[in-house]
Protein chains: 2
Amino acid sequence: MGASKTEHFTDKQNAIAIMAKALGHPARVAIIEYLLKTDSCICGDIVNELPLAQPTVSQHLKELKNVGLIKGSIDGNAICYCVDEKALTVLQKFFTHVTTKMGKKKNNCC
Amino acid sequence: MGASKTEHFTDKQNAIAIMAKALGHPARVAIIEYLLKTDSCICGDIVNELPLAQPTVSQHLKELKNVGLIKGSIDGNAICYCVDEKALTVLQKFFTHVTTKMGKKKNNCC
DNA sequence: AAACTATATCGCAATATTGCAATATACTAA
DNA sequence: TTAGTATATTGCAATATTGCGATATAGTTT
């Protein structure tokens with residue numbers, strides 16, 4: 001087929017997967033890191049920062065926004081993008097939970 | 001084109017992206033969760049747990065293994081898969097770092 | 001209004017992913 | 001060795017992603 005069988009998994013598994021997938025491209029990781037590193041959040045600055053053409057960056061921003069990892073607000077002629085704390089906290093909690101569970105496990109057979 | 005321009009990004013950004021991408025499918029999130037939840041790590045049990053055919057599960061396991069999120073060891077006729085602490089810790093640290101940085105930021109314009 | 005700036009969308013080609021039936025491999029048991 | 005069990009690989013169709021030129025949209029400035 002080619003499409004993920006999302007209906008067979010839990011909402012939480014799908015939510016984690018959707019956000020992880022959005023971060024599954026280095027440009028989108030770079031966007032998140034840029035937004036945290038700098039005080040700027042202007043779309044144009046992000047375009048200048050990344051080694052990709054403007055339409056490509058715009059599309060990456062759209063994907064991050066679609067899954068809720070960033071949000072945008074109009075600032076005059078420009079558009080300002082910021083990371084969304086809630087979404088990233090969900091991922092942080094998931095991985096902290098995972099690593100905590102790992103620490104408690106004894107029978108690692110591999 | 002259709003291929004990611006990975007050469008333009010840092011090694012760390014690519015590493016995070018590759019692992020995030022591997023978790024960008026609910027079946028692979030489910031596999032990690034299953035390995036943490038149960039004491040079993042037998043491939044056949046994972047196949048039974050997931051709503052996907054055996055070759056499909058085998059491929060998902062291969063992808064998780066390729067990026068180092070799990071590792072496998074032969075156990076007689078079966079194969080035992082375990083989560084790889086190091087890889088998951090890299091992700092946990094990344095997201096903890098991100099959320100920590102978020103907390104310190106004041107000028108959230110969105 | 002016209003010209004300019006910033007961002008988004010369209011349309012397309014190249015490539016990657018998903019899923020599975022069929023088959024292959026490899027180990028186990030008789 | 002033969003039969004059975006467990007896992008991997010192959011090959012294919014359907015779909016999704018990536019990247020960007022061309023273009024559209026929307027705000028700003030003059």
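We name chains A, B, ... by the order of the sequence lines, and we start the count at 1 in each one.
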Atom-to-atom span, [atom1] of [X] to [atom2] of [N] - whole angstrom:
X       : N      : atom1 : atom2 : result
A:Ile31 : D:dG19 : CD1   : P     : 11 Å
A:Arg28 : D:dG19 : CZ    : P     : 8 Å
A:Lys71 : C:dT7  : NZ    : P     : 19 Å
A:Asp75 : C:dA6  : CG    : P     : 12 Å
A:His8  : C:dC20 : NE2   : C1'   : 13 Å

For the residue pair [X] and [Y], establish whether any side-chain heavy-atom pair is separated by less than 4.5 Å.
X       : Y       : value
A:Val47 : A:Leu52 : no
B:Leu91 : B:Leu23 : yes
B:Gln59 : B:Pro55 : no

Below 3.5 Å is the cut-off: list the nitrogen or oxygen pairs between protein and nucleotides 6-10 of chain D, distance only.
residue: D:dA6; atom: O4'; partner: B:Asn77; partner atom: ND2; Å: 3.4
residue: D:dT7; atom: OP1; partner: B:Cys43; partner atom: N; Å: 3.4
residue: D:dT7; atom: OP1; partner: B:Gly44; partner atom: N; Å: 3.4
residue: D:dT7; atom: OP1; partner: B:Ile79; partner atom: N; Å: 3.1
residue: D:dT7; atom: OP2; partner: B:Gly44; partner atom: N; Å: 2.7
residue: D:dA8; atom: OP1; partner: B:Tyr81; partner atom: OH; Å: 2.4
residue: D:dA8; atom: OP2; partner: B:Ser58; partner atom: OG; Å: 3.1
residue: D:dA8; atom: N7; partner: B:Gln54; partner atom: NE2; Å: 2.7
residue: D:dA8; atom: N6; partner: B:Gln54; partner atom: OE1; Å: 3.0

A:Lys37: partners by salt bridge (charged side-chain N to carboxylate O under 4.0 Å, His left out), with sequence neighbours left out: A:Glu49
May I have all residue pairs that pass ring-ring contact (aromatic ring centres under 6.0 Å, His included) and include part of residues 45-68 of chain A, sequence neighbours excluded?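 Of all non-adjacent pairs touching residues 45-68 of chain A, those that pass ring-ring contact (aromatic ring centres under 6.0 Å, His included) are A:His25-A:His60.
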Overall bend of the helix from C:dA1-D:dT30 to C:dA30-D:dT1 (five pairs an end, 10° steps) is 20°
Considering only residues two or more places apart or on different chains, which pairs with a residue in residues 21-31 of chain B satisfy salt bridge (Lys or Arg N to Asp or Glu O under 4.0 Å)? B:Arg28-B:Glu63
Which pair of non-hydrogen atoms, one from A:Ile42 and one from A:Ala78, has the smallest distance, and what is that distance? CG2-CB, 3.8 Å
For B:Val67, all residues meeting side-chain contact (heavy atoms from CB on, under 4.5 Å), sequence neighbours excluded: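 Only B:Ile18, B:Ala22, B:Leu69 meet the side-chain contact (heavy atoms from CB on, under 4.5 Å) criterion with B:Val67.
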